[in-house]
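Here is the structure we will look at.
Side chains included, hydrogens not; waters and symmetry mates left out as well; all remaining heavy atoms used. Not measured: the values here are computed from a predicted model. Labels below follow one simple rule: chain letters A, B, ... track the order of the sequence lines, proteins then strands, and each chain is numbered from 1.
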Number of protein chains: 2
Amino acid sequence: MNIDVIVSHINSYVTLNEEEVRALSSSLISKTIKQGELIVESGEPARYMIFMNAGYVMTYYTDKDGFDHVIQFASTGWWSGDLYSLSENKPTIYSTRALSAGEVLLFPKAAQDQLLDKYPKFERYFRILFHNALMRLQFRIIENYSATAESRYLSFRERFPGMEQHVSQKHIASYLGITPEFLSKTRKKLQQQ
Amino acid sequence: MNIDVIVSHINSYVTLNEEEVRALSSSLISKTIKQGELIVESGEPARYMIFMNAGYVMTYYTDKDGFDHVIQFASTGWWSGDLYSLSENKPTIYSTRALSAGEVLLFPKAAQDQLLDKYPKFERYFRILFHNALMRLQFRIIENYSATAESRYLSFRERFPGMEQHVSQKHIASYLGITPEFLSKTRKKLQQQ
DNA sequence: ATAAAATCTTAACCTGGTTCAAGATCTTTC
DNA sequence: GAAAGATCTTGAACCAGGTTAAGATTTTAT
């Protein structure tokens with residue numbers, strides 16, 4: 001199992017010693033993913049945090065009318081998954097689906113709890129991780145309010161380089177909070193300029 | 001200084017012993033706030049996390065055209081402030097302003113770092129705090145996409161009971177991502193039903 | 001108490017984005 | 001490799017919410 005990516009990610013916030021690396025390594029489950037595969041399905045309790053070793057996934061919410069709302073994309077070096085139910089042990093309302101072939105590291109809730117209990121460094125790592133995610137999300141809310149769909153699209157392309165090749169336009173549209181039709185028009189307009 | 005509210009808040013996630021309570025207590029600075037007072041101004045580096053002991057505050061972002069975008073309200077028992085610059089020590093882009101008289105507990109960055117180093121329980125507490133805030137924010141993004149301005153307004157009233165009396169309509173409108181005029185129309189429509 | 005300033009309301013008009021529908025392209029499957 | 005299914009594009013009609021402006025109400029300062 002290749003743990004280089006996750007270890008160097010964690011080490012950018014804290015410094016793990018050998019024991020901690022070993023403990024982490026033995027907590028993780030490697031899983032190869034196929035394009036289109038459903039990694040977590042809404043309705044079941046989420047059991048893992050998901051770290052991307054390679055490939056692309058998206059997390060989305062299906063509303064009462066059956067429409068999907070993409071809330072997050074993730075590629076190599078990002079965490080994904082359904083934070084909600086991990087802590088509460090309730091069924092998650094989010095699904096996570098592979099957008100390409102790749103490999104994920106599954107980090108089971110029980111192992112995470114153990115690691116958090118034993119090595120405070122992981123508490124720190126996750127505190128900082130959540131803190132940063134929180135700030136990014138606050139920024140996204142501001143962006144959604146103050147920016148037009150066109151500039152949100154441009155900002156999506158900047159923030160997720162290469163992602164566009166792996167995601168269907170309807171999912172990008174969903175992430176941006178617009179219809180596929182309008183995204184199509186927006187792209188055409190941008191090309192013509 | 002009254003630390004009952006903050007201690008019972010923290011104890012809902014972890015269990016502090018006497019020493020930890022004492023250490024926390026000596027880290028906090030009590031501050032009485034007046035209505036309209038600017039507690040943190042954008043442009044300066046944020047030095048504190050802010051815990052509400054009593055009263056109401058809002059955190060907002062001023063865009064390049066001079067328009068304010070309210071990103072958060074807080075009342076008794078909530079944390080507030082500008083997470084962004086605390087970690088990076090860069091000037092914050094957010095301002096925090098008192099909406100009523102009250103009392104806040106200021107938690108200086110340096111003291112927080114010390115506490116986090118010495119007592120892993122605080123790492124855990126803040127990890128969970130940020131985790132929960134993150135989930136709430138994810139939910140708010142979904143709500144913004146799938147719900148109409150009217151239902152967001154109703155949901156604001158539910159989630160912040162009593163807040164409406166302390167906040168001007170233009171700030172509520174800003175939080176909801178609509179214009180004050182449209183909020184005015186919406187409220188009228190709701191009254192007539 | 002009164003003037004000045006800020007906020008809130010109402011109304012007419014405007015626009016970014018939606019909806020619906022039809023055709024064009026790309027993907028899967030047998 | 002043809003048929004069926006998705007996805008993507010285009011256009012026309014439509015609507016939620018924005019903009020502007022003017023008057024009404026509330027708050028603040030003197």
Answer yes if the side chains of [X] and [Y] hold a donor-acceptor pair under 3.5 Å, and no otherwise.
{"X": "B:His171", "Y": "B:Ser174", "answer": "no"}
{"X": "B:Glu103", "Y": "B:Ser30", "answer": "yes"}
{"X": "B:Tyr13", "Y": "B:His131", "answer": "no"}

Output the rounded distance in Å from [atom1] ([X]) to [atom2] ([N]).
{"X": "B:Glu181", "N": "D:dA24", "atom1": "CD", "atom2": "P", "value": "17 Å"}
{"X": "A:Leu99", "N": "D:dT7", "atom1": "CG", "atom2": "P", "value": "12 Å"}
{"X": "A:Arg152", "N": "C:dG16", "atom1": "CZ", "atom2": "C1'", "value": "10 Å"}
{"X": "A:Leu183", "N": "D:dT9", "atom1": "CG", "atom2": "P", "value": "8 Å"}
{"X": "B:Ile178", "N": "C:dG17", "atom1": "CD1", "atom2": "P", "value": "17 Å"}
{"X": "A:Lys170", "N": "C:dT18", "atom1": "NZ", "atom2": "C1'", "value": "17 Å"}
{"X": "A:Ile172", "N": "D:dT7", "atom1": "CD1", "atom2": "P", "value": "13 Å"}
{"X": "A:Glu164", "N": "D:dC8", "atom1": "CD", "atom2": "P", "value": "11 Å"}

Given [options], the nucleotide with the shortest approach to the side chain of [X]:
{"X": "B:Ala149", "options": "C:dT18, D:dG17, C:dG17", "value": "D:dG17"}
{"X": "B:Lys188", "options": "D:dG17, C:dT7, C:dT10", "value": "C:dT10"}
{"X": "A:Phe182", "options": "C:dT10, C:dG16, C:dT19", "value": "C:dG16"}

Whichever of B:Pro180 and A:Thr179 has its nearest DNA chain C nucleotide further upstream toward 5' |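 Between the two, 5'-proximity favours B:Pro180.
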
Please work out if B:Gly177 contacts a base, only the sugar-phosphate, or nothing of the nucleic acid, heavy-atom cut-off 4.0 Å.
->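 Touches sugar-phosphate only.
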
Is there a chain of hydrophobic side chains (I, L, V, M, F, W, Y, each step under 4.5 Å between heavy atoms) that links A:Leu106 to A:Leu129?
->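 Hydrophobic grouping puts A:Leu106 apart from A:Leu129.
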
Given D:dA16, is OP1 or OP2 found less than 4.0 Å from the side-chain N or O atoms of B:Thr186?
->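 Looking at the OP1 and OP2 atoms of D:dA16, neither is under 4.0 Å from any side-chain N or O of B:Thr186.
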
Do A:Arg47 side-chain atoms and A:Pro108 backbone N/O form a donor-acceptor pair below 3.5 Å?
->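 Between the backbone of A:Pro108 and the side chain of A:Arg47 there is no qualifying donor-acceptor contact (under 3.5 Å).
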
Decide yes or no, distance alone: a donor-acceptor N/O pair under 3.5 angstrom between the base of C:dG16 and the side-chain of A:Lys185.
->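 When only heavy-atom distances are counted, A:Lys185 does not reach the base of C:dG16 through any donor-acceptor pair under 3.5 Å.
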
